[in-house]
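Residue numbers start from 1 in every chain, and the chains themselves are labelled A, B, ... in the order their sequence lines are given, proteins ahead of strands.
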Number of protein chains: 2
Amino acid sequence: MVSAKQTFKRGAYLYRAGEHFQSIYAVRTGFFKTATLLDDGREQVTGFHMMGEIIGMDAISTDIHPCDAIALEDSEICEIHFSQLEQLSRDIPTLQRHLHRILSREIVRDHGIMLLLGSMKAEERLAAFLLNLSQRFAARGYSSSSFNLRMTREEIGSYLGLKLETVSRTFSKFQKDGLISVQNRSIELQDMVALKRVLGQQGCATGKNDRI
Amino acid sequence: MVSAKQTFKRGAYLYRAGEHFQSIYAVRTGFFKTATLLDDGREQVTGFHMMGEIIGMDAISTDIHPCDAIALEDSEICEIHFSQLEQLSRDIPTLQRHLHRILSREIVRDHGIMLLLGSMKAEERLAAFLLNLSQRFAARGYSSSSFNLRMTREEIGSYLGLKLETVSRTFSKFQKDGLISVQNRSIELQDMVALKRVLGQQGCATGKNDRI
DNA sequence: CGTGGGGTTGACTCAAGTCAATTTGGGTGG
DNA sequence: CCACCCAAATTGACTTGAGTCAACCCCACG
């Protein structure tokens, strides 16, 4: 069912919008973004995906991938043939349950982002974003306070519903206030408590280990 | 598996956030909203659900309902016991596939809303909202151009990431421009082409029969 | 009949977008 | 190895769309 690992260079497409759906993919190492190209040419980022996360589940409903998946750094992927997975999950109830949980979790995550996009302001969005990345790195055994962003300011902005200038300005403000230290893609969270306070003031629950 | 229909009066809770998950629910007649209560007391609407749609799938991942589901008018519900559904879908591959499609479709819909919230402005959001409702009514054999809103301006705003005043103002503007006719909850779409143009200018694909 | 929740409208404010100028830094080819 | 180049990032000045606050209307309902 799980084919051999495949590797993808930075910038390579795992799949493209419009392609026929056959498999979902588990990120083994590296970092991906998923994004849809809008009619007017702009790109909307729908998610960032790191080690251990599953990509491609949004294609099950139509058998067509609705978005692109692009490696943001050299990455390794496990392809999971979906109809084989379905077959197997018929015989293994716990696998079946696990699959359903994963699908459902994706829905919950999306609701979290809807919340963020619908009711938070720029600083809160960025704080939520950084804390979420931090948690996900921590859960994978990396530093929770110091990491490299794999994506551009524009991609962050697209994901968070902000313009790249706003992302940049907000990072600068956080740095000025001593919450973080940024230089280019490398980030250090210097005062997580304060970052959480930025979030907390507007009241948004961030799922613990979840991609927001 | 499918228990007898249950009825819910307007304002009644189908389930509440925090309750244990056991079943998903198919709306037979009526209209529901799902919403989460934020820490600060405000409510965030995550969806509106009408005849034929399934509610509660976001609870599969944790076995706890993450949001409330509330009837916006007198409604009938079919409860679907989820572990029985899983059991059955082990024996009926087409049912299994159908379930997966439904779960995946929910993800796709959420991505659509993320798009809306992240990149559209007020008029575009409202136009998308109205056209989406119109499509869903049409798909169920009701008029696509004339219907009653079941929700308040505040609930629409919460769903679309706008304040109720903005919703009201934008309706008024649409009316002034001859795109729609509103009085209170009753809406008539008078110029769908123009409404689609409002959408089109920013470039957002609206799924055909999908709840956005 | 009141009363109150839902809705509309206006005046004002401000957060974020836009436009533009500059700096930085990584990658490439000579 | 260096110089150049271009994409990414930063910062400033200005604009604007939507939020805020407030007054008011209008039914529906007790």
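One atom, CZ of Phe171(A), and another, C1' of dT10(D), lie 13 Å apart when rounded to the nearest Å. The interatomic distance linking Gln183(A) (CD) with dA8(D) (C1') rounds to 15 Å, in whole Å. Between the CD atom of Glu165(B) and the C1' atom of dG17(D) there is a distance of 14 Å, rounded to whole Å. Atom C1' of nucleotide dG10(C) and atom NZ of Lys173(B) are separated by 17 Å, given to the nearest angstrom. Whole-Å rounding puts the Lys176(A) NZ to dT10(D) P distance at 15 Å. Look at CG on Asn148(A): it is 12 Å from P on dA9(D), rounded to the nearest Å. Taking atom CD1 of Ile187(B) as the reference point, atom C1' of dG7(C) lies 13 Å away to the nearest angstrom. In this structure, the CG atom of Asn184(B) is 17 Å from the P atom of dC25(D), given to the nearest Å.
Considering only side-chain atoms of Thr152(A), the nucleotide from dC19(C), dA8(D), dT9(C) that sits closest is dA8(D). With dA18(D), dT9(C), dT11(D) as the candidates, the nucleotide lying closest to the side chain of Ser172(B) is dT9(C). Comparing dA18(D), dG27(C), dT11(D) by their nearest atom to the side chain of Ala122(B) picks out dA18(D). Out of dT9(C), dG25(C), dT11(D), the shortest distance to the side chain of Ser168(A) is found at dT11(D).
By the 30° and 60° cut-offs, the orientation of the rings of His65(A) relative to Tyr15(A) is parallel. By the 30° and 60° cut-offs, the orientation of the rings of Phe82(B) relative to His100(A) is perpendicular.
For Ser158(B) (side chain) and Val45(B) (main-chain N/O), a donor-acceptor pair under 3.5 Å exists by modelled atom type.
At a cut-off of 3.5 angstrom, the base of dG26(C) holds no donor-acceptor pair with the side chain of Arg185(A). Taking 3.5 Å as the limit, the base of dG12(D) and the side chain of Arg169(A) contain a donor-acceptor pair of atoms between them. Residue-to-nucleotide contacts include no donor-acceptor pair under 3.5 Å from the side chain of Arg153(A) to the base of dT11(D).
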Next item on the list: Please test Phe48(B) against Phe32(B) for ring pair (Phe, Tyr, Trp, His ring centres under 6.0 Å), starting from the C-alpha separation and ending with a verdict.
Entry: CA-CA 6 Å; Phe48(B) 297 111; Phe32(B) 280 80; over 10 Å; no

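Among the protein residues, Leu164(A) comes within range of the nucleic acid bases, having at least one heavy atom under 4.0 Å from a base atom. Using a 4.0 Å heavy-atom distance criterion, Gly157(A) is classed as making no nucleic acid contact.
Residue Lys163(B) places at least one side-chain N or O under 4.0 Å from the OP1 or OP2 atom of dT20(D).
In this structure, Glu53(A) pairs ionically with Arg136(A), as a charged nitrogen and a carboxylate oxygen lie closer than 4.0 Å.
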